[in-house]
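Quick note on labels: first sequence line is chain A, next is B, and so on, each numbered from 1. The basis for the numbers below is simple: all heavy atoms, side chains too, and nothing from hydrogens, waters or symmetry mates. Predicted model only: the values in this text are computed from it and were never measured.
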Amino acid sequence: GQNIDQPTEMTATEGAIVQINCTYQTSGFNGLFWYQQHAGEAPTFLSYNVLDGLEEKGRFSSFLSRSKGYSYLLLKELQMKDSASYLCAPRDNYGQNFVFGPGTRLSVLP
Amino acid sequence: DSGVTQTPKHLITATGQRVTLRCSPRSGDLSVYWYQQSLDQGLQFLIQYYNGEERAKGNILERFSAQQFPDLHSELNLSSLELGDSALYFCASSVSGATGDTQYFGPGTRLTVL
């Protein structure tokens, strides 16, 4: 199975930077996804990391360390619309269970 | 708009009843996934289909079943409904169904069981 740990809630101020961490345990690692989900809406794809390092995409960056079973999502220049849950989703090679982490609920305050 | 469509948007029914949720994948995607998300719960993977065949099974109850048709749309059937089945049900699709595929989610069907 896969154990995925994320902080339950985080709060940050508009314009600030926030880092959302995810630790996981999985065998046969095959990449890690981050999704954003606004309350009551569908998850939307943010990033996919399969190699170690930082991938930058506009205001959002995602980092992966396979040896540590660790990833983070970095959100810069926070906007009110970034208030949402952020789901970490590691993938294994077996393709039998598509698990998502419990999500981190981010609140961006003015 | 992800390109994945789901109907209906909302469904209200009574315990013991049976409902069918429908999903149409993005154009060109061969794989469909079903997820359940209860209030304040995470996304729970139910089942995956690829080109009409079941490929992976998650925490799907025996009262639930699904299929993918030749035109690639999929249906999730929920029977003998219980109060605890009230949830958002999402369908997602991807190109090939590989574990590294990006999944694109539909808007969901909100099921309320009274």
Side-chain angles (χ1 to χ4, degrees), chain A residues 1-9 20 22-24 26-51 55 57 60 62 64 66 71 84-107, chain B residues 1-6 9-10 21 23-26 29-50 53-60 86-112:
Chain A
Q2 294 163 309
N3 297 316
I4 307 167
D5 194 32
Q6 301 181 237
T8 305
E9 292 189 28
I20 301 174
C22 170
T23 58
Y24 62 89
T26 187
S27 51
F29 180 77
N30 192 27
L32 185 143
F33 288 92
W34 283 95
Y35 280 81
Q36 179 191 60
Q37 186 179 25
H38 287 98
E41 297 183 12
T44 55
F45 168 74
L46 290 177
S47 67
Y48 175 58
N49 293 63
V50 66
L51 299 175
E55 299 248 353
K57 199 188 285 188
F60 292 11
S62 54
L64 177 67
R66 289 172 296 171
S71 175
S85 286
Y86 291 86
L87 311 178
C88 164
R91 293 288 172 255
D92 63 29
N93 280 323
Y94 308 109
Q96 290 302 305
N97 195 5
F98 296 89
V99 291
F100 284 77
T104 297
R105 191 182 312 174
L106 174 66
S107 299
Chain B
D1 184 355
S2 67
V4 179
T5 60
Q6 288 187 247
K9 282 194 79 167
H10 301 277
L21 313 184
C23 166
S24 291
R26 293 187 321 156
D29 284 359
L30 297 179
S31 194
V32 167
Y33 313 75
W34 286 98
Y35 292 87
Q36 179 192 57
Q37 189 172 42
S38 304
L39 197 63
D40 292 332
Q41 296 291 313
L43 272 174
Q44 298 294 317
F45 168 65
L46 296 178
I47 198 163
Q48 177 200 14
Y49 281 82
Y50 173 75
E53 300 290 324
E54 181 184 306
R55 178 172 274 193
K57 214 167 191 175
N59 302 319
I60 188 165
S86 295
L88 261 174
Y89 290 85
F90 289 106
C91 165
S93 73
S94 75
V95 172
S96 71
T99 58
D101 264 11
T102 298
Q103 295 181 24
Y104 295 91
F105 284 77
T109 293
R110 182 174 293 280
L111 173 67
T112 303

S.K.: With a sphere of 6.0 Å drawn around CZ of A:Arg105, does it hold more than 12 non-hydrogen atoms of other residues, nucleotides or ligands?
M.R.: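 Not more than 12 within 6.0 Å, no.
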
S.K.: Please look at A:Leu32 and chain B and tell me whether the side chain, the backbone, both or neither of the residue comes under 4.5 angstrom of a heavy atom of that chain.
M.R.: neither

S.K.: Would you give the length of the straight line joining atom CZ of A:Phe100 to atom CD of B:Gln103, rounded to the nearest 0.5 angstrom?
M.R.: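 The CD atom of B:Gln103 is 5.0 Å from CZ of A:Phe100, to the nearest 0.5 Å.
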
S.K.: On a heavy-atom basis, which atom in B:Gly106 and which in A:Ala42 lie closest, and how many Å separate them?
M.R.: O-CB, 3.0 Å

S.K.: Among A:Pro43, A:Ser85, A:Gly40, A:Ala39, which residue has the highest count of heavy-atom pairs closer than 4.5 Å to chain B?
M.R.: A:Pro43

S.K.: Is the NZ atom of A:Lys57 crowded by more than 12 outside heavy atoms at less than 6.0 Å?
M.R.: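 It does: A:Lys57 NZ has more than 12 such atoms within range.
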
S.K.: When rounded to the nearest 0.5 angstrom, what is the spacing between CD in B:Gln48 and CZ in A:Phe98?
M.R.: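 Answer rounded to 0.5 Å: 4.0 Å.
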
S.K.: Measure B:Thr102 against the heavy atoms of chain A and call it side chain, backbone, both or neither at under 4.5 Å.
M.R.: both

S.K.: Among B:Ala56, B:Gly108, B:Gly100, who wins on heavy-atom pairs under 4.5 Å with chain A?
M.R.: B:Gly100

S.K.: By a 4.5 Å heavy-atom criterion (distance strictly below it), what part of B:Arg110 contacts chain A: side chain, backbone, both, or neither?
M.R.: side chain

S.K.: I'd like to know if the side chain of B:Thr99 reaches the main chain of A:Asp92, judged simply by a donor and an acceptor atom lying under 3.5 Å from each other, with no hydrogens or angles considered.
M.R.: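 Yes, B:Thr99 side chain to A:Asp92 backbone: donor-acceptor pair under 3.5 Å.
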
S.K.: Hey, what do you get for CG (B:Asp101) to CZ (A:Phe33), rounding to the nearest 0.5 Å?
M.R.: 7.0 Å

